[in-house]
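This report refers to the structure that appears directly beneath it.
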Amino acid sequence: MIASVTRPTQAVVDLAAIQTNVATIQSHLKEGTKTFAVVKANAYGHGAVAVAKAVLSQVDGFCVSNLDEALELRRAGIESAILILGVIMPEQVPQAIAHDVTITIASLEWLDLAEKAAVDLSDLTCHIKVDTGMGRIGLTEAEDVNRLMAELVKGGARVTGLLTHFATADESDVTYFEQQLERFKRILADLDVCPPLIHTSNSATSLWHGETIFNAVRLGVAMYGLNPSGHHLSLPYPLKPALSLTSQLVHVKWIQAGQAIGYGGTYRAKQAEWLGTVPIGYADGWLRYLQGFQILVDGQPCEIVGRVSMDQIVIRLPKAYPIGSSVTLIGQDGDMVITATDVADYARTINYEVLCLISDRVPRVYL
Ligand SMILES: *Cc1c(COP(=O)(O)O)cnc(C)c1O
């Protein structure tokens, strides 16, 4: 989808806020901890290349979810370490090697497939994923990890890291978290050889379980200034949300009581009132579920009335405003702030999803 740059709707990204967040988080980590900035999914909607360039000198490398995302960074001239967190097909190994991209290997079956496809593993750099309870990818037994590492080394690969991922690091009940940690420690203790990088920490683990960081963290949502738990756990120190979603009124009108608005006529004005139309809709990632949510005009909350259309929403205004008045859907206007977490709470989802859904139609503008 082409970015609609002639329309006033924009995602404004404060790169300095991301830099500050990274520095703040690092100042609370154990000395010597390595930082990998997670810039998968276009840096959670903030723009992968711009974010990676902004934090380049602050971090030890980047995490992405697949080879295409890794190559996007390489094409932009980024030479730092890049780790792919997901599984890549063995056939893609030559490309990973050619671009010096580290891959995650998560099963012995993967190695069998690589052998069957006669993939040359020499000069491959990889981390091994251990599944301690997340249940997506990874090996579960130390003996399998040992076998995999031995085979990889025999094939000429370098195993430079071992990782796992916690399922409940953002929850107040730590029972399951501790079970996962125990499993990971048991596997570590049974390793024949310990790779140099051992990492288990996403944002939530870095914020609330600092004692479990081995020697590297994978920082995602917190770097963008958001609380990984939503409103569940409070942040141990303040972070600044980096992304604002803004637009302008493109149409303003006075309507009479009883007039219906939008598809299905789901809203009927109870009295005569001012309404404004904003050029954003579900094609921009502004979910239909957000009917009734309040956004900001002139520091005042304005309810979205009627259904969210593909490209437009209608809001109730406290008074007449001129066309071109600024509208804040995420961010600050006057004393009022709408966070991605507020949007997520209303839409019964999480702030991660709200950010990732902002589509390519919305141009990213950098401060
Ligand atoms: C996405 C991801 C992260 C980052 O998670 P945040 O909660 O955004 O910090 C870390 N590790 C893995 C394996 C991931 O998939």
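Both ligands and their constituent atoms are indexed starting at 1 by order of listing.
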(message) Is the distance between the ring centroids of F214 and F184 under 6.0 Å?
(response) yes
(message) So if I count the atoms of ligand 1 from 1 in the order they appear, which ones are less than 4.0 Å from some heavy atom of Y44?
(response) 1 (C), 4 (C), 5 (O), 6 (P), 8 (O)
(request) Using the six-membered ring wherever Trp is involved, compare the ring planes of H127 and H199 and label them parallel, tilted or perpendicular (cut-offs 30° and 60°). (result) perpendicular
(message) Between K40 and E69 (salt bridge meaning N to carboxylate O under 4.0 Å), is one present in this structure?
(response) no
(request) Given salt bridge (charged side-chain N to carboxylate O under 4.0 Å, His left out), test D284 with R7 step by step and report yes or no. (result) CA-CA 12 Å; D284 300 292; R7 186 182 63 157; 2.7 Å; yes
(request) Take every heavy atom of R136, measure it against each atom of ligand 1, and state whether any distance is under 4.0 Å. (result) yes
(request) Could you check atom 7 (O) of ligand 1 against the protein and tell me its nearest heavy-atom contact, residue, atom and distance included? (result) Y352 OH, 2.6 Å
(request) Spell out, yes or no, whether V12 and L239 are grouped together once hydrophobic residues are joined by side-chain heavy atoms under 4.5 Å, including indirect joins. (result) no
(message) Between D14 and K240 (salt bridge meaning N to carboxylate O under 4.0 Å), is one present in this structure?
(response) yes
(request) Could you find the nearest protein heavy atom to atom 9 (O) of ligand 1 and give me its residue, atom name and distance? (result) S203 OG, 2.5 Å
(request) Consider every N or O of L219 and every N or O of ligand 1, then say whether any pair is closer than 3.5 Å. (result) no
(request) Identify, for atom 14 (C) of ligand 1, the protein heavy atom at the shortest distance, and state residue, atom and that distance. (result) K40 NZ, 3.0 Å
(request) Determine, using ring centers only, whether H46 and Y224 are less than 6.0 Å apart. (result) yes
(request) Would you mind checking which non-hydrogen protein atom is closest to atom 12 (C) of ligand 1, with the distance to 0.1 Å? (result) H165 CE1, 3.3 Å
(request) Write out the residue and atom name of the closest protein heavy atom to atom 11 (N) of ligand 1, then the distance separating them to 0.1 Å. (result) R218 NE, 2.7 Å
(message) Under 4.0 Å, heavy-atom basis, I'd like to know which part of L85 is in contact with ligand 1: side chain, backbone, both or neither.
(response) side chain
(request) Output yes when the distance from some N or O of ligand 1 to some N or O of A222 is under 3.5 Å, and no in every other case. (result) no
